[in-house]
Protein chains: 2
Amino acid sequence: MIKPVTVYDIAKEANVSVATVSRVLNNSAPVKESTREKIAGIIAKHQFQPNALARSLFKKETGMIGIILPDITNPFFPEVLSGLDIEARSKGYTFFLCDSVSSNRDFTEQYDRETRFLNILMEKQVDGIVLIGGRINLAKPSKEMVQEVVEAGKRVPVLLINGNLPGASLHRVAVDEKKGAELAARHLVELGHRNIAFIGGFKQMSNTIQRIQGFRNVLRESGIKERSDWIRTGGFSVAQGIELAEELLQLPIGERPTALQCANDLVAIGALKAARREGISVPEQLSIVGFDDIPFAAHSIPELTTVSLKCHEVGRTAAGVMDKLITRTKVAKTTILSPELVVRESTAPPAV
Amino acid sequence: MIKPVTVYDIAKEANVSVATVSRVLNNSAPVKESTREKIAGIIAKHQFQPNALARSLFKKETGMIGIILPDITNPFFPEVLSGLDIEARSKGYTFFLCDSVSSNRDFTEQYDRETRFLNILMEKQVDGIVLIGGRINLAKPSKEMVQEVVEAGKRVPVLLINGNLPGASLHRVAVDEKKGAELAARHLVELGHRNIAFIGGFKQMSNTIQRIQGFRNVLRESGIKERSDWIRTGGFSVAQGIELAEELLQLPIGERPTALQCANDLVAIGALKAARREGISVPEQLSIVGFDDIPFAAHSIPELTTVSLKCHEVGRTAAGVMDKLITRTKVAKTTILSPELVVRESTAPPAV
DNA sequence: GTGAAAGCGCTAACAC
DNA sequence: GTGTTAGCGCTTTCAC
């Protein structure tokens, strides 16, 4: 590795002081054109790159935004990340990515990792931290889990995406999930379904609770009797979707649901697979609605009717809010976006 | 925001010098048990977090690995990222993510962004840079594109994943793509197909060239006549897959391919959709093979036969190599992994 | 076992 | 317009 060049080296070679070098580097004060050119030439010649560590140490800003998410492999996250990135990049920020996923799907381990990441990010002096997924989706996070984030929030701007921490009063950007679930359920009801089940998610998570709440609201207002055994949680993965759907679809034809509302698109894709395995055609014999609208929702066969969480827009919005937080511009504490029903091919009126 | 606590604050409160505080922070020298405890107590009380910027400035290491990739939204990348992350994390590294995607699919813009990211990462003093996708997949990158990376490589360890830069002689971890394509083609030939087309990819990219090369090798050795109009490139997306497949599938039944080898899984999924649109059943009337083995390959209907690029393993391996590079341990310049054919449901003997 | 002091590479007063 | 200098917060010789 080559020995790094510093402002001093440049200054010496140009017969000027480091201050002048710094001035041309940052355009922070007028410099005589001829010396500026000389310095610029030397900088270019050595391909000099100022040490951002030193600069940040002094300026107390790094231009880095830390982001803690639970699993980059879940397509939902890259989608919002991408929105965040595009918007934040235009404002000069770069990203510090922390994936708290645990190899063995152990939540405790995941939350521990979140804590560690929170600390690492603060030590690295990021300008802001955004949290998405993980503990902020817990309906009843422990006191410490909340406290840690609150403490972090005292030192650096913290923004929560699609989640919350009861009693923490942090800035948030979120999509109204209950409303999203209502959209989905209402669509099913309007198609004529009366035997609808909800599958997927984790019942200890607030996102799941809200989605189920929306679902039940619509059933109730439609005068459909509730069946607690038709609300089955267990996970957000395709594998879980297959399993949960199978349980329901193996019931005799008259006694099984004619429509499945899923906690997310992954589960819906699992349901699609389960239906196929059972020889049930979608949407003719079974309607399926997803949630999130990840890209693959449009690519499955049949294409998934789903609720768009506008991942990209959420990301962009979050980046905007974060920037305001960092620059101490006034922003609303909570920004709620509206979900949207996307009707594609996986839903139809029930078979008669 | 709270005023940050420094080692000086801790030192003063403990009536010791900053040196001692630093010693307990890093366990870098023996400290009397009683004073250690006192200091630890004060640190805990203030939730003191040492400023990593200052530390790194001195130590000349940041524990950060920069990663430049072309589009986090393409599921292939999160997959290898995840492998990288898990492995690198266990060694104490964290990630700096740079997504060079351009909103308008403009490659020039993308390469420019790569250049900018390369510089940003060096300024931030990352311990290493890994490049995946983008310019390193170009068959004929410009002199400058190569030179920039070579220059970076003189200042900080650079690792290329699944690509190369002619004449650059950088460390690489890659999967043998030509062999992968041969695996796929051979599978099709062994099933009895003689009318096979290749779709997808960009013909200016080395990964595409290699995949086509492997494909043609097998056709040739199987005595199948080549049809240059049955090799169609144009992109790596689902949309492109649909388009390219449509063109071929609209040919009259005797004159169209009985099997499609795709440049990647996304294109294969597009092909699946095109087939369905044309009322052609897969695999009965048309076999389709993908490439990469992204998670969704196993989730499509029918499940995709594909070539596994072992994304996760590639990531883990890369993390290992990067660590060695950083710690100046000897490592092979090139690590080649073997792809694997994964036979699922989208391939079958041709209809008679 | 502990402290004083130098220095990592940069920026920004403050002088001139 | 330009130079001098004092930090930013940390680690680490080198004394004691």
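Quick caveat: nothing in here was measured; it's all calculated off a predicted structure. Per chain, numbering begins at 1; letters A, B, ... match sequence-line order.
When the P atom of C:dT11 is taken as reference, atom CG of A:N27 falls 12 Å away, rounded to whole Å. D:dT2 atom P lies 10 Å from atom CD of A:E33, rounded to whole Å. The interatomic distance linking B:E123 (CD) with C:dG9 (P) rounds to 15 Å, in whole Å. To the nearest angstrom, C1' of D:dT2 lies 19 Å from NZ of A:K12. Across the protein-nucleic acid pair, A:N26 atom CG and C:dA13 atom C1' stand 15 Å apart, rounded to whole Å. One can place CD of A:Q125 at 9 Å from C1' of D:dG9, the figure rounded to the nearest angstrom. The CG-P distance, from B:D9 to D:dG9, rounds to 9 Å in whole Å. The interatomic distance linking A:L25 (CG) with C:dA12 (P) rounds to 11 Å, in whole Å.
Across D:dT11, C:dG3, C:dT11, the shortest atom-to-atom separation from the side chain of B:S22 is found for D:dT11. Candidate nucleotides C:dC10, D:dT4, D:dC10 were compared by shortest atom distance to the side chain of A:F48, and C:dC10 ranks first. Each of C:dC10, D:dG3, C:dA4 was ranked by its minimum atom distance to the side chain of A:V7; first place goes to C:dC10. Of the candidates C:dG9, D:dT11, C:dA4, the closest approach to any side-chain atom of A:T6 belongs to C:dG9.
Using a 4.0 Å cut-off between a side-chain N of Lys or Arg and a carboxylate O of Asp or Glu, B:R316 and B:E313 do not qualify as a salt bridge.
Judged by distance alone, the side chains of A:Q49 and B:N119 do bring a donor and an acceptor atom under 3.5 Å apart. Between the side chains of A:T115 and A:R135, a donor-acceptor pair is found at a separation under 3.5 Å. Side-chain contact check for B:T334 and B:H171: no donor-acceptor pair (N or O, by modelled atom type) lies under 3.5 Å. Under the 3.5 Å distance criterion, with hydrogens and angles disregarded, a donor-acceptor pair is assigned to the side chains of A:D323 and A:Y93. Residues A:R55 and A:N26 have side chains that bring a donor and an acceptor to within less than 3.5 angstrom of each other.
At D:dG9, one or more side-chain N or O atoms of A:K60 fall inside 4.0 Å of OP1 or OP2 (strictly under the cut-off). Contact between the side-chain N/O atoms of A:T35 and the OP1/OP2 oxygens of D:dG1 is not found at any separation under 4.0 Å.
Of the residues in residues 50-59 of chain A, those placing a heavy atom less than 4.0 Å from an atom of DNA chain C are A:P50, A:N51, A:A54, A:R55, A:F58, A:K59, in numerical order.
With the nearest nucleotide of DNA chain C identified for both B:A19 and A:A19, B:A19 has the one nearer the 5' end. Comparing A:A29 and A:Y8 against DNA chain D, the residue whose closest nucleotide sits nearer the 5' end is A:A29.
The neighbour count for B:K91 NZ, taken as heavy atoms of other residues, nucleotides or ligands under 6.0 Å away, is above 12.
For B:R23 against C:dG3, a side-chain-to-base donor-acceptor contact under 3.5 Å is present.
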